[in-house]
Amino acid sequence: MGNITWHDKAGGRGRTLKLEGALTIETASELKHVLLQVLETAEPLEMNMSAVESIDLACVQVLCSAHCSFHQANRKMTLAGEIPEGIHAALEALAISPDACDSPCTPECPWRKGEGHE
Amino acid sequence: MDAPKQLYREEAFELLADLEEALIELEQQPGDLDTVNRIFRAMHTIKGSGAMFGFDDIASFTHTIETAYDLIREEKLSVDEELISLTLRSCDQIKVMLDASQGGEDADASLTGEITASFRKLISSVEGTPQERDDSCPADTGGEQGNGLKAETTYRIRFKPHRELFRNGTNPIPLLNEIRGLGHAHVICHLKELPGLKDLDPEACYTYWDIILTTDKDIDSIRDVFIFVEHISDIEVTKIDDYGEIDHEEYKKIGEILFDRGDISLGDLESILGRQKRIGELLVESGKARRSEVQSALVEQEHVRNLRKKRMGTMPVDGASSIRVASQKLDSLVNLVGELVTVQARLTQLSAQRNDTDLTLVSEEVERLTAELRDNAMGIRMLPIGTTFGKFKRLVRDLSTELGKEVDFTTSGEETELDKTVIDRLGDPLVHLIRNSIDHGIESPEAREAAGKPAGGTIRLTAEHSGAYVLISVSDDGAGLDTEAIRAKAMEKGLISPDANLSEKEIFELVLAPGFSTARSVSKVSGRGVGMDVVTSSIESFGGTVEIASAKGSGTTITLKLPLTLAIIDGLLVTISDEYFVMPLNAVVECVELSADDRRHTHGRNLARVRGEIVPYIPLREVFSLDGDNPAIEQVVVTEIGERRIGFVVDKVVGQHQTVIKNLGKFLRHVEGVSGATIMGDGTVALILDINKLTQQAEFTEKYQTVH
């Protein structure tokens with residue numbers, strides 16, 4: 001089961017949403033809830049997924065949908081830290097790639113290999 | 001130049017001829033990928049073999065062009081007139097480079113650079129394309145299986161789970177991996193149904209996949225993978241390629257694939273196809289299809305094309321079973337066969353005299369084998385005439401552009417075979433005829449429209465067999481011949497008398513007379529007054545004839561009638577006094593007797609009555625001034641030239657004779673009325689009569705006597 005926690009950034013400049021463990025369908029609802037909350041506030045979103053061990057399609061869909069919604073609302077959803085291999089492996093197995101995606105947020109797609117950090 | 005290099009040059013020139021033809025075709029049908037592939041392959045061979053034989057300049061020059069055509073093949077670059085012209089210029093430049101290797105002038109390096117730069121510009125205009133083509137392995141499909149030799153089938157699978165997939169406890173990853181395990185697969189994921197975060201049901205599946213799978217497993221094995229999800233998914237499995245489909249590497253166009261998949265409607269496709277742009281771009285631009293759908297269709301297209309290309313690479317090619325032989329070797333083979341035919345005739349003659357059964361048996365066997373050998377040797381020299389048609393397409397394109405005329409050039413009968421020697425000598429006359437058609441025949445677009453014709457003219461070049469002849473005609477739908485103008489010009493030149501009563505056909509024939517030209521202006525293209533007679537003499541020099549048919553306002557057709565071969569003919573052996581002569585058998589219609597009585601009936605005029613029809617004849621004894629008296633009963637060999645019948649009076653008809661044509665040598669080359677000689681079985685020489693020339697001479701003498 002995955003774990004979703006907020007961490008204060010160093011120097012008290014905002015928060016980072018840290019995702020850890022196995023992000024499966026059991027975590028999907030919570031993940032959506034948290035992300036929607038941020039979307040409805042004016043707060044910028046920074047996520048760290050470096051401790052994610054694995055991810056399933058349900059959670060990938062939530063993250064993709066969130067990224068798209070943030071883009072539509074002209075808001076930034078950025079990643080801190082590396083995208084771990086477990087996520088890349090799942091994306092590859094699911095054949096999810098920004099190259100075959102229609103979403104207008106594709107240019108800043110977090111799944112683009114090698115672009116998962118700032 | 002060493003032999004391999006020479007071989008490369010010959011091959012490169014042939015490839016360039018084919019290339020030019022393909023380029024003109026591509027200009028007319030810019031979307032034809034077969035033609036693009038043909039061009040690409042030709043460029044690839046020119047480049048590859050060039051590098052192998054030390055033509056590095058050609059190899060590096062061609063490399064850039066090849067890269068551009070690879071992009072066209074992948075439909076990343078569109079074909080337009082500029083590209084075609086640029087490639088045609090490249091062909092010319094390669095020719096110069098080839099000539100330079102044989103002591104010709106060096107290729108203009110700045111022109112090479114200019115052409116290369118233009119191609120590079122085109123290549124770099126394609127977004128995200130590497131500058132040059134990677135040669136390593138374009139056909140690599142990357143799969144564990146893909147050696148292309150198994151009986152593999154390619155399927156398109158659309159796996160579209162219902163929303164409740166996850167609630168059922170199903171993870172699609174193992175399913176997709178299982179499919180991948182069946183063979184070589186490309187999986188494309190579609191997320192287009194994914195809603196915004198607010199409307200998203202985190203436990204519903206919004207994703208679906210297209211899978212292109214090449215496998216040696218059957219369709220049931222594929223369906224088995226989905227057996228536990230088929231009640232909560234839409235699964236479509238379609239066979240899109242089969243091992244048996246090897247006849248072409250081409251695969252469906254993007255529009256067809258999307259229509260097959262149900263991603264777009266036929267109406268969408270048709271409305272988009274009307275525009276001149278790449279279909280994928282258009283569909284996305286117009287919102288008819290999503291980029292992901294087009295991308296997925298592209299993946300399918302590439303998957304199948306690569307597969308077919310690979311498969312084709314493993315198939316034995318026809319070319320591998322043929323060899324290239326220098327034409328001199330063939331010529332000497334035919335000469336030897338000719339000698340053999342002569343010796344065989346002698347043997348036959350001897351065996352007939354000896355009346356020896358054993359000898360007769362052997363002689364008959366040799367006769368049969370010789371005839372077979374002759375036919376085979378002649379067959380080797382036969383080439384399809386289409387090999388020369390290609391260069392005319394280029395000629396028409398260049399000339400019509402130069403003269404500001406619109407000309408559509410069509411050909412037919414390319415497969416018609418003709419002796420190589422005839423084909424080699426046919427080039428110049430045909431160039432002349434086609435030039436004439438464009439320059440004098442086809443009118444300017446304005447004049448055509450004023451005459452109620454379409455602005456663009458048509459020139460047709462056709463070839464067909466007709467007995468022992470091949471008919472090649474050049475026809476246009478231009479202005480046609482102006483009989484009055486021809487008549488006036490002929491009178492001015494003193495070719496006819498003012499009161500000459502000529503039929504339309506006779507007037508047309510005047511055009512073929514030496515020094516005749518009706519062109520109002522001398523242009524670069526034609527009209528230098530050395531026109532048609534050059535064509536006529538060249539065609540007649542190898543036993544052919546030229547005929548003109550024309551209707552004012554609707555066009556002209558010029559037909560060349562050519563003998564199939566120049567080396568051996570079937571002849572009719574005749575004698576006059578003690579001399580032997582051979583007449584080409586294919587012109588002979590029949591033989592009739594001519595008695596002294598018959599001669600008296602016509603009051604000394606050279607006319608014979610053949611079943612009620614009057615046939616003029618030529619007394620060969622007089623023509624060749626041979627000694628001896630006419631026998632009481634002579635023979636008239638009636639021949640047909642064009643549509644006319646002409647008789648030739650000889651003493652005796654000996655019979656059919658297979659004739660190996662020998663040149664008369666340079667001292668006797670200009671003797672008129674004789675086209676060659678042949679050696680008889682007993683070693684005596686028989687002259688081969690040029691019945692065309694003899695007829696013309698007789699007509700000339702007749703007219704001269706009438707006029708003066």
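The model shown is predicted, which means the values in this text are computed figures rather than measured ones. Numbers restart at 1 for each chain; the letters A, B, ... are given by sequence-line order, proteins then strands.
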Q: What are the sub-3.5 Å donor-acceptor pairs between chain B and chain A, distances to 0.1 Å?
A:
residue, atom, partner, partner atom, Å
B:Arg180, NH1, A:Ala93, O, 3.0
B:Arg180, NH2, A:Glu92, O, 3.4
B:Arg180, NH2, A:Ala93, O, 3.0
B:Pro195, O, A:Ser65, OG, 2.8
B:Leu197, N, A:Ser65, OG, 3.0
B:Leu197, N, A:Ser69, OG, 2.8
B:Lys198, O, A:Lys32, NZ, 3.3
B:Leu200, O, A:Lys32, NZ, 2.7
B:Ala204, O, A:Gln61, NE2, 2.7
B:Tyr206, N, A:Gln61, OE1, 2.8
B:Thr207, N, A:Gln61, OE1, 3.3
B:Thr207, OG1, A:Gln61, OE1, 2.7
B:Trp209, NE1, A:Leu94, O, 2.7
B:Arg290, NH1, A:Asp102, OD2, 3.3
B:Arg291, N, A:Asp102, OD1, 3.1
B:Arg291, NH2, A:Cys101, O, 3.2
B:Ser292, N, A:Asp102, OD1, 2.7
B:Ser292, OG, A:Asp102, OD1, 3.2
B:Ser292, OG, A:Asp102, OD2, 2.5

Q: Between B:Ser221 and B:Asp218, is any side-chain donor less than 3.5 angstrom from a side-chain acceptor?
A: yes
Q: Carefully, step by step, assess A:Ile55 and A:Leu63 under the rule side-chain contact (heavy atoms from CB on, under 4.5 Å).
A: CA-CA 11 Å; A:Ile55 191 168; A:Leu63 288 170; 3.7 Å; yes
Q: Locate the shortest heavy-atom distance separating B:Leu197 from A:Leu36; write the atom from each residue and the value.
A: CD2-N, 3.7 Å
Q: Pick one of side chain, backbone, both or neither for A:Cys59, based on which atoms fall under 4.5 Å of a heavy atom in chain B.
A: neither
Q: What's the verdict on salt bridge (charged side-chain N to carboxylate O under 4.0 Å, His left out) for B:Arg223 and B:Asp220, showing C-alpha distance, side-chain angles and the deciding distance?
A: CA-CA 5 Å; B:Arg223 291 202 170 275; B:Asp220 289 337; 5.7 Å; no
Q: Could you grab the distance from atom CG of A:Leu31 to atom CD1 of A:Ile4, nearest 0.5 Å is fine?
A: 4.5 Å
Q: What's the shortest heavy-atom distance between B:Cys189 and A:Ile96, and which atoms?
A: SG-CG1, 3.5 Å
Q: When only pairs under 4.5 Å are counted, which of A:Ala58, A:Ala90, A:Ala93 shares the most heavy-atom pairs with chain B?
A: A:Ala93
Q: So, for A:Leu19 and A:Val52, which heavy atoms are closest and what is the spacing to 0.1 Å?
A: O-CG2, 3.4 Å
Q: Heavy atoms only: give me the nearest A:Leu57-B:Pro172 pair and the separation to one decimal.
A: CD2-CG, 3.7 Å
Q: In terms of heavy-atom proximity below 4.5 Å to chain A, should B:Pro195 be classed as side chain, backbone, both, or neither?
A: backbone
Q: Between B:Val294, B:Leu176, B:Val187, B:Leu194, who has the most heavy-atom pairs with chain A when the cutoff is under 4.5 Å?
A: B:Leu194
